[in-house]
Each structure stands twice: as C-alpha cells, then as structure tokens.
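For clarity, every value in this text was computed on a predicted model and none was experimentally measured.
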Amino acid sequence: METSGGGQENHSASRAYAKYLPLCDALLSGNWETADGLFRNEEECEAIISFSGETALHVAVQSGRANVFVGKLVGMMRPQALALKDSHGLTALHNCAMVGNTEAARIMLRRYPDLLYVTTDSHGGILAVITAAMYCQKETLVYLIHESQPNVHNTPFQGKQGIDLLFETIGSQFFGEYSLSLT
C-alpha cells in the first residue's frame, strides 16, 4: 500500500521512458536506420530517454556500433546540447572515454570543441580525458590529450585537472608511453 505519491511518480516516469524503448534497442544494437526514423526535431534529439537521465547520444556512444547515427544525431543537436549531463553528472563524451569510443569523441569534438573542458558534477569535477585514463582507454586518452589546449579554463595540463590526469595516467600504466604528450 502506497503512503506517498512516489509510486505514482515512478509509474508516470516509467510510461514516459517506455516510449523510448524502441530507440534504446535500436541504439544498442547499432540499428541506426530505425533510430534515425524516431527523431523529427532538435528537441527530440535532446530528450532524456532513461531513468538515469541519459539522452540518445549517451546511449549511442556506449554501444560503439552506432557511430553513423552518432554523427547524424550530433548534426541535429545544438552544439551546447552535447554537454548535457545524465543523472550521474556525465556527458556523452565521458561515456566515450569510459568505453573507448574514440570515433564518437571525434564526431562530438568537431561539432563542439569546448566539450573537452566540461567536468562531471561529482568527484570534484572530472574531465573526459581523465575518465579515459581511469578506464584505461589508451586510444581515446591519447586522442583527447592531443585535442586539449594548454591555455583554457579547465585545461587538463594545469592545477587540479593536471594532477588528476598525471595520477590517472600513471595508474593506467600509460605515463611512460605518453609522458611527452603531457608537456
């Protein structure tokens, strides 16, 4: 027996997200033709489609099989919308860094280069490049290091971000190979 309105809210949320199940299935399976047909405007591209606050872009980059769709989706979105965060405070670029989807990272950064400097909402604010080091995604780490600029706000080469990048790169055992990239 429900004593609060929480059950009703969860039921409403379940119904709201249920309409996105075909989209999630298409994204995770790499069926971009089906996924592409489910979007008609910018607002739909930027909608939250899961309980964890993910957008279609968050889901698509995680699969690694939907990069053609990622390109189309990114082209339909406002550049700043690429910085939308899920309920964990992660952008889709952070998801790329976690799973090593370097191609999707390239697509997103061509559209919105400042995405490199967006931090998470938790753990003191972590950049995607640091996330790549944390998850031992060497190719993505190297790409994000090379795309990063030294003289911008939240650069991964100075201050707390620089310390975190150094620490995580050593922890991932990539520091010896890529120490020249960090200078």
Side-chain angles (χ1 to χ4, degrees), residues 2 4-137 139-141 143-144:
E2 288 292 326
S4 71
Q8 186 125 14
E9 288 173 16
N10 286 340
H11 183 67
S12 295
S14 294
R15 278 194 311 225
Y17 297 127
K19 74 178 184 180
Y20 294 112
L21 285 176
L23 173 62
C24 289
D25 287 341
L27 293 173
L28 292 173
S29 67
N31 185 347
W32 65 269
E33 292 92 358
T34 299
D36 192 40
L38 298 172
F39 290 110
R40 291 171 252 332
N41 60 47
E42 180 180 280
E43 188 175 293
E44 289 177 342
C45 293
E46 299 170 11
I48 294 171
I49 66 169
S50 75
F51 281 110
S52 57
E54 295 171 308
T55 64
L57 186 59
H58 283 92
V59 175
V61 301
Q62 290 177 60
S63 76
R65 294 186 302 246
N67 287 336
V68 171
F69 179 71
V70 168
K72 290 183 175 206
L73 184 59
V74 165
M76 293 174 67
M77 296 173 72
R78 297 172 296 122
Q80 295 80 1
L82 300 181
L84 290 171
K85 296 178 181 179
D86 65 16
S87 60
H88 303 289
L90 303 173
T91 67
L93 185 61
H94 285 92
N95 288 0
C96 288
M98 283 190 269
V99 300
N101 192 342
T102 308
E103 182 55 33
R106 280 188 185 94
I107 293 166
M108 288 188 288
L109 292 177
R110 276 194 295 265
R111 176 95 164 131
Y112 189 50
D114 288 345
L115 189 56
L116 272 169
Y117 311 106
V118 176
T119 60
T120 62
D121 290 340
S122 59
H123 306 293
I126 298 171
L127 295 168
V129 66
I130 296 166
T131 303
M134 290 169 63
Y135 284 82
C136 300
Q137 299 295 343
E139 179 185 343
T140 306
L141 172 63
Y143 170 71
L144 296 175

Sub-4.5 Å side-chain heavy-atom contact between Leu82 and Arg111
yes

Taking the side chain as C-beta and beyond, is there a heavy-atom pair between Val129 and Tyr143 under 4.5 Å?
no

Quick one: are Thr91 and Met108 in side-chain contact, heavy atoms under 4.5 Å?
no

Smallest heavy-atom separation, Thr131 atom then His94 atom, equals OG1-CD2, 3.3 Å

For a side chain to side chain contact (heavy atoms under 4.5 Å, CB included) check, start with the C-alpha distance between Val59 and Ile49, then their side-chain angles and the critical distance, and finish with the verdict.
CA-CA 9 Å; Val59 175; Ile49 66 169; 3.9 Å; yes

Given Val70, which partner from the list Val74, Val68, Leu73 fulfils the side chain to side chain contact (heavy atoms under 4.5 Å, CB included) test?
Val74

Which atom of Ala104 lies closest to which atom of Val61, heavy atoms considered
CB-CG1, 3.7 Å

Can you find a heavy atom in the side chain of Gln137 that is under 4.5 Å from one in the side chain of Val99?
no

Side chain to side chain contact (heavy atoms under 4.5 Å, CB included) for Thr55 and Glu46? Distances and angles first, verdict last.
CA-CA 6 Å; Thr55 64; Glu46 299 170 11; 5.6 Å; no

Do you know which two heavy atoms are closest between Val118 and Ala83, and how far apart they sit?
CG2-CB, 4.1 Å

How far does CE of Met76 sit from SG of Cys45, to the nearest 0.5 angstrom?
3.5 Å

d(Tyr112 OH, Met77 CE) to nearest 0.5 Å is 11.5 Å

Where do Ala92 and Leu57 come nearest, in terms of heavy atoms and distance?
CB-CG, 3.6 Å

Is the closest side-chain heavy-atom distance between His88 and Asp121 below 4.5 Å?
no

Contact check, side chains of Ile48 and Glu54, non-hydrogen atoms, under 4.5 Å
no

Let me confirm one number: the SG-CG distance from Cys136 to Leu141, rounded to the nearest 0.5 Å.
9.5 Å

Begin from the C-alpha positions of Ser87 and Ser52 and carry the test side-chain hydrogen bond (donor to acceptor under 3.5 Å, both in side chains) through to its verdict.
CA-CA 5 Å; Ser87 60; Ser52 57; 4.9 Å; no

Kindly say whether Glu103 contributes a backbone atom to a donor-acceptor pair with the side chain of Asn67 at under 3.5 angstrom?
no

Decide yes or no for Leu109 and Leu144: does some side-chain heavy atom of the first lie under 4.5 Å from some side-chain heavy atom of the second?
yes

For residues Leu93 and Ala128, report the shortest heavy-atom separation together with the two atoms involved.
CG-CB, 3.6 Å

Take atom OH in Tyr135; do more than 12 heavy atoms of anything else shown fall under 6.0 Å from it?
no

Are any non-hydrogen side-chain atoms of Thr120 and Lys85 less than 4.5 angstrom apart?
no

Kindly give the heavy-atom pair with the smallest separation between Ala60 and Phe69, and that separation in Å.
CB-CD2, 4.2 Å

Quick one: CD1 on Ile126 to CD1 on Ile130, what's the gap to the nearest 0.5 Å?
7.0 Å

